[in-house]
Amino acid sequence: MDTLQLLFNTVTVVFLATTMFAAGLATTLPALRAVFATPLLPLLALLANLVVIPLLGWGIAVLFGLSAAAFIALVLAASSPGGPFGAKLSMLKNGDVVAGTVIQVLLAAVGSLTFGLTANGILTLAEVGGGVSLDVAKLVRTVAILQLVPFVVGLILRHYAPLTAQLWHRAAAKASTVTFMAVLAGMLLGNWQTVVTLLGSRTLLAGVVLAVVAFAVGMALATGPPPRRVTMGSVAAVRNAGPALAAIGIAFDNDPAILGAFAGVLLSGLAAALPIAAVLSHTWGKGTA
């Protein structure tokens with residue numbers, strides 16, 4: 001069990017680092033400047049993802065009367081913006097790929113610093129499980145090192161050695177995807193009994209509702225034409241597994257019940273976000289063709 005746990009932790013670290021490294025390699029300074037030239041879009045995205053969605057996640061957890069483990073899992077997911085698959089959804093027909101990628105990276109970077117404070121504040125106020133508390137300083141330190149540093153390194157490499165960055169990006173993106181699937185498999189297989197008990201449960205339904213509501217909030221708090229709004233909805237709906245997994249490991253010693261519930265929330269959210277993004281992109285794609 002110790003060996004399997006070490007393997008899971010190692011794969012999780014690789015997933016976090018390669019995901020943000022790939023994001024840095026794919027981001028150019030002109031693209032960053034273009035998005036921030038109209039600051040209302042990033043400001044609205046930060047408001048939606050750092051404030052509104054975490055509070056809605058708390059409300060959904062209370063509304064569904066979730067168990068302590070599922071409550072914690074849902075709050076962690078809601079408090080963690082900038083999932084890398086959100087930017088990938090923007091690659092659907094007529095998606096705003098540049099804005100989606102830049103906003104996703106912005107949310108992941110800022111969220112890595114705010115996640116601990118947000119999740120800790122909600123869980124403390126909710127008094128879940130007798131008043132769960134996160135080691136915010138340790139969590140911020142861990143997530144910042146694993147996400148901000150690789151992103152900055154990738155960004156610098158893209159700026160000063162673009163050909164090398166393009167060459168490395170494919171390998172980094174593939175490593176990110178493979179390790180993400182490995183992390184999901186580890187959560188599911190390592191806690192399969194817990195996951196099985198979630199089938200047909202309120203936890204999975206809460207994960208779907210969170211994704212749908214987050215998609216709507218992301219679209220509402222956005223600027224620009226419909227394709228960009230759909231992209232912002234996609235980015236908001238897909239939460240970032242990295243900080244949440246770090247929190248589960250640091251604060252909850254990889255509790256199987258929380259890991260299983262988080263895997264269920266993450267997968268149900270992805271299952272809800274994908275068809276919504278596809279349908280809306282297709283619909284508005286016809287309208288703007």
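For reference, positions follow the sequence shown, starting with 1.
- Distance alone, capped at 3.5 Å, places no donor-acceptor pair between the S176 side chain and the A172 backbone.
- By the 4.5 Å heavy-atom criterion applied to side chains, F215 and V230 are counted as neighbours.
- The backbone N or O of G82 lies less than 3.5 Å from a partner atom in the side chain of Q104, making a donor-acceptor pair.
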(message) Go through it in stages, so that I can follow the logic: the residues are L41 and M232, the test is side chain to side chain contact (heavy atoms under 4.5 Å, CB included), and I'd like the CA-CA distance, side-chain angles, deciding distance and then a yes or no.
(response) CA-CA 9 Å; L41 178 65; M232 293 301 101; 4.0 Å; yes
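- Here T223 contributes atom OG1 and L40 contributes atom CG; the two are 5.5 Å apart, rounded to the nearest 0.5 Å.
- Note: L155 CG to L29 CG = 5.0 Å, rounded to the nearest 0.5 Å.
- N49 contributes a side-chain N or O that, together with a main-chain N or O of A45, makes up a donor-acceptor pair within less than 3.5 Å.
- Between the R239 side chain and the L266 main chain, no donor and acceptor come within less than 3.5 Å of each other.
- Although no hydrogens or angles enter the test, the distance criterion places no donor-acceptor pair under 3.5 Å between the side chain of R158 and the main chain of T28.
- With T124 contributing its side chain and G121 its backbone, the two residues share no donor-acceptor pair below 3.5 Å.
- D253 places no side-chain N or O within donor-acceptor distance of the main-chain N or O of D255, the cut-off being under 3.5 Å.
- For the side-chain contact (heavy atoms from CB on, under 4.5 Å) criterion with P54, the lone passing option out of T118, V75, T114 is T118.
- The main-chain N or O of L76 is never found under 3.5 Å from a side-chain atom of S79 such that the two would form a donor-acceptor pair.
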